[in-house]
Amino acid sequence: MMDIKYIRDNAEKVQQNNVNKGYGNLSVEELLDLDNERRDLQTQVDELREQRNQISAQMKNGKPDQDLIDQGKQIKIQLSEREEYLRATDEKFMELLKKFPNMALDSVPVGLTEDENVEVKRVGDQPKFDFTPLNHAELAIKRGWLDQERAVKVAGSRFVYMKGDLARLEFAMFQFGIDTLTDPEKIREIIEGAGLTGKVSEIPFTFVLPPAVAKTAVFEATGRLNRAETTYKIEDEDLWLNASAEHTLSPMYLDEILDEKDLPIRLVGYTTAFRREAGTYGKDTEGFFRLHQFNKLEMESFTTADKSYNEHLFMVAIQEYLMAQLKLPYRVLEKCTFDIGRPNAKGVDIEVWLPSQNKYRETHTADYITDFQTRAMKTRVRRENGDLKLAHTNDATAFSERPLIGIIENYQNADGTVTIPEVLRKYMGNKEVI
RNA sequence: GGAAGAGUGGCCGAGUGGUUUAAGGCGCACGCCUGGAAAGUGUGUUGAGUCGAAAGGCUCUCGCAGGUUCAAAUCCUGUCUCUUCCGCCA
C-alpha cells in the first residue's frame, strides 16, 4: 500500500507513475478529494467525542443530571450519523488507495509491454548440438519422467505427474539451493563475487517450511491477491492457496515491531505453489513450463530502508550464482514499469536459454518492494536511535521447476539421456547421467 | 468436530457500568544519591489518526467485530486465538 502522505506531497509524480505502470485510470485527484473529505469528517467526529467525554466526566461526581443526559443523547444522534458517513468515506478511500501501485525507481525503464524490458547481460554459451534436440516435454515423456494424460484424468489440464529421475533431480536442485543459501561460506563468496562486500550483511538464510495458505486479509496485505487470474480460494474457508512462498513468508511479522539488531531476517521457504493461470489458455501448454501446481524455493528478507536496495542486488547475485553453478546459459533483464508488478519499485528477471524455443525464458524474478507490503502489514523496525520505521521487504526466486527445463534441454544427449550438472551429482547418488 | 475455561501497555497482574486520564510490580531509559557501584529515590516508558513551526492539544486503542447506555476493559451477541478434556487422525 502507498503512503497517503507521500501522495499528498507528490501528486503529479504519483499520477505519472500510475500511467507508467498501466494504472492510468486511477486518479490521484479523486483519491485526494476523498482524503480531504475523510479528514474533515474525522475532525468532526473527534470533536463530538470530546464533547461526549466532557459530559460523561461531569456526571462522574454528582447524581445523574437530566440536562446532561439530554445533551448526551443529542450528541449520540449526531455522532452516529457522522460516524456512519466517515466509515463509508474511509472505505471508499481505502479501496482506491489499495489499488495504487508502488512508485517505480527512476532507473526502471518506462514501458507498457514486456518488450520494453532491457537486457542487461548474457552469461554462458548456448550449446551446439550435432543432433536435433528435443524440447523438454518430448524428452521427459520419452524417458517416462512426465505423465500428462493421467494427470488430466485425475486433476485436469496443467497438472502433471513428474516421475523417476526427473522428480529426483528436482529435489536435488532444491537441496543444492538450500545448502547454498544456508552456508555462511557460500554467502560470503556470493557477496564478494558481486562486489557487495561491506554493503550487505553476511548472515545466511534460514530454511523455512511455511503454511501454503493465507487468510484473505493477510493475502491482501501482501498486495499479491489476484482473485480473478491467479489465486485459488478454498471453499467454505477464509483461506487462499499460496501462489508462492512469498505470500506466507512476507506476512510473517504482521503487526510486529522488529528490533534493528535482529535484521536482516533472511528466509528461504519451500512450498508447492498454486496458480489458476486464467487468461493464459493456449500458452505454454507443453510439458511443465506453466502449471496450476509447481514447487518453488523462495527467498524473502526484511531489512531497514537504507539496506534494502543492496539486499535486492544481493538476491539477484544469488540467482546468478545458482544459475552459473548449474552452468546454464542465462540472461538478466531489467524489467520495465509495466512488467515489474504493482507492489514493486524495481524488478529483475533471469531467463534461461531454451534450445527448443531458440530463446530465453523466465526462471527467476527478484522483487524490490520497499515498504509497500509492510505498510499494510504493519511490520515495523525499532531503529537503534529509537525511531519507529516501516521495514522493507525483498523477495526473489531461488529455484522453481523451470530451471529443470533448462537442465534437461541444455544437457541432453543424442541418445535421450541427460548429463547431470556437476553440482547436483552428489544429490543424485553421484550419477553423472540420467 | 464436541465440552469447559481464558485473552488487559515490552512482561506479570488488578480491575463486573461513571473517583480508571488502566492500580501495583518487573523490565527498560534518563536523573538524584554515591569516590564508584548496589540499595534507595524521582520522572518517563503501547501504537495509530488529526491539528500545530514547536511545545503541546484532541480522538481512538483492554483479542477482533457489532450491539445496549448520557457513559463500556466491565453488560449482550457474533467471531478468532490459546489452554485443558473428549473424539478423529498423518
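Here the structure is a predicted model, which means the values were calculated and not measured. In what follows, chains carry the letters A, B, and so on, assigned in the order in which the sequence lines appear, proteins first and then strands, with residues in each chain numbered from 1.
- The gap from the P atom of B/A73 to that of B/U8 amounts to 16 Å, rounded to the nearest Å.
- Nucleotide B/U61 holds its C1' atom 12 Å from the NZ atom of A/Lys378, rounded to whole Å.
- Comparing B/A22 with B/C60, their P atoms are spaced 12 Å from each other, to the whole Å.
- On the P atoms, B/A48 is 11 Å away from B/G10, given to the nearest whole Å.
- Residue order along RNA chain B, read from the 5' end via each residue's closest nucleotide, puts A/Arg52 first among A/Arg52 and A/Gln71.
- Across all strands shown, nothing is found opposite B/U21 as a Watson-Crick or G-U wobble partner with both distances under 3.5 Å.
- Candidate nucleotides B/G49, B/C70, B/G18 were compared by shortest atom distance to the side chain of A/Gln42, and B/G49 ranks first.
- OP1 or OP2 of B/C70 has not a single side-chain nitrogen or oxygen of A/Arg49 nearer than 4.0 Å.
- In a base pair of the Watson-Crick type (N1 to N3 plus N6-O4 or O6-N4) or a G-U wobble (N1-O2 and O6-N3), with each distance short of 3.5 Å, B/C82 is matched with B/G5.
- Between the side chains of A/Thr397 and A/His364, no donor-acceptor pair of N or O atoms lies under 3.5 Å.
- Taking a 6.0 Å sphere around NZ of A/Lys389, one finds it holds 12 or fewer heavy atoms contributed by other residues, nucleotides or ligands.
- Taking atom C1' in both B/G17 and B/A71, the straight-line distance is 8 Å, to the nearest Å.
- Note: A/Phe288 and A/Phe294 fail the aromatic proximity criterion, with ring centroids not under 6.0 Å apart.
- Taking atom P on both B/G15 and B/G1, the two are 34 Å apart, rounded to the nearest angstrom.
- With a 3.5 Å ceiling on both atom-pair distances, B/A71 lacks any Watson-Crick or G-U wobble partner.
- Annotation: B/G42 and B/G47 have their C1' atoms spaced 27 Å apart (nearest Å).
- Figure legend. B/G40 is base-paired to B/C32; pairs are counted as Watson-Crick or G-U wobble with both atom distances under 3.5 Å.
- The partner of B/C60 is B/G47, judged by Watson-Crick or G-U wobble contacts that both fall below 3.5 Å.
- Contact between the side-chain N/O atoms of A/Arg39 and the OP1/OP2 oxygens of B/C51 is found at a separation under 4.0 Å.
- If you measure from atom CG of A/Asp238 to atom C1' of B/U81, you get 14 Å, rounded to the nearest angstrom.
- When rounded to the nearest whole Å, the span between CG of A/Asp46 and P of B/A48 equals 16 Å.
- Nucleotide B/A53: unpaired (no Watson-Crick or G-U wobble partner with both distances less than 3.5 Å).
- Taking side-chain N and O atoms only, A/Arg8 has a distance below 4.0 Å to OP1 or OP2 of B/U50.
- Along RNA chain B, the nucleotide nearest A/Arg382 and the nucleotide nearest A/Arg87 are compared for position; the residue whose nucleotide lies closer to the 5' end is A/Arg382.
- Taking the six-membered ring wherever Trp is involved, the centroid distance between the rings of A/Phe219 and A/His247 falls below 6.0 Å.
- Between A/Lys76 and B/U69 there is a side-chain N or O to OP1 or OP2 distance below 4.0 Å.
- Rounded to whole Å, the P atom of B/U21 lies 14 Å from the corresponding atom of B/C62.
- One interatomic measurement links the two molecules: CD of A/Glu256 to P of B/A48, which rounds to 15 Å at whole-angstrom precision.
- Classified by its glycosidic torsion, B/G5 falls in the anti category, the angle being over 90° from 0.
- At a threshold of 4.0 angstrom between heavy atoms, the contacts of A/Ile75 with the nucleic acid are absent.
- Atoms CZ (A/Arg38) and C1' (B/U59) sit 14 Å apart, rounded to a whole Å.
- Residue A/Asn53 places no side-chain N or O under 4.0 Å from the OP1 or OP2 atom of B/C70.
- Between A/Asp3 and A/Lys5 there is no salt bridge, since none of the side-chain N atoms of the basic residue sits less than 4.0 Å from a carboxylate O of the acidic one.
- Between A/Tyr23 and A/Phe100, a ring centre-to-centre spacing not shorter than 6.0 Å is recorded.
- In this structure, the nucleotide among B/G49, B/C58, B/C70 sitting nearest to the side chain of A/Glu50 is B/C58.
- In this structure, the CG atom of A/Leu79 is 10 Å from the P atom of B/A72, given to the nearest Å.
- Protein atom CG of A/Leu41 is 13 Å distant from nucleotide atom P of B/C51, rounded to whole Å.
- Across the P atoms, B/U45 and B/G57 are found 12 Å apart, a figure rounded to whole Å.
- Atom-to-atom, CD of A/Gln78 to P of B/C70 comes out at 15 Å; the value is rounded to the nearest Å.
- Side-chain N/O atoms of A/Tyr368 and A/Ser308 include a donor and acceptor closer than 3.5 Å.
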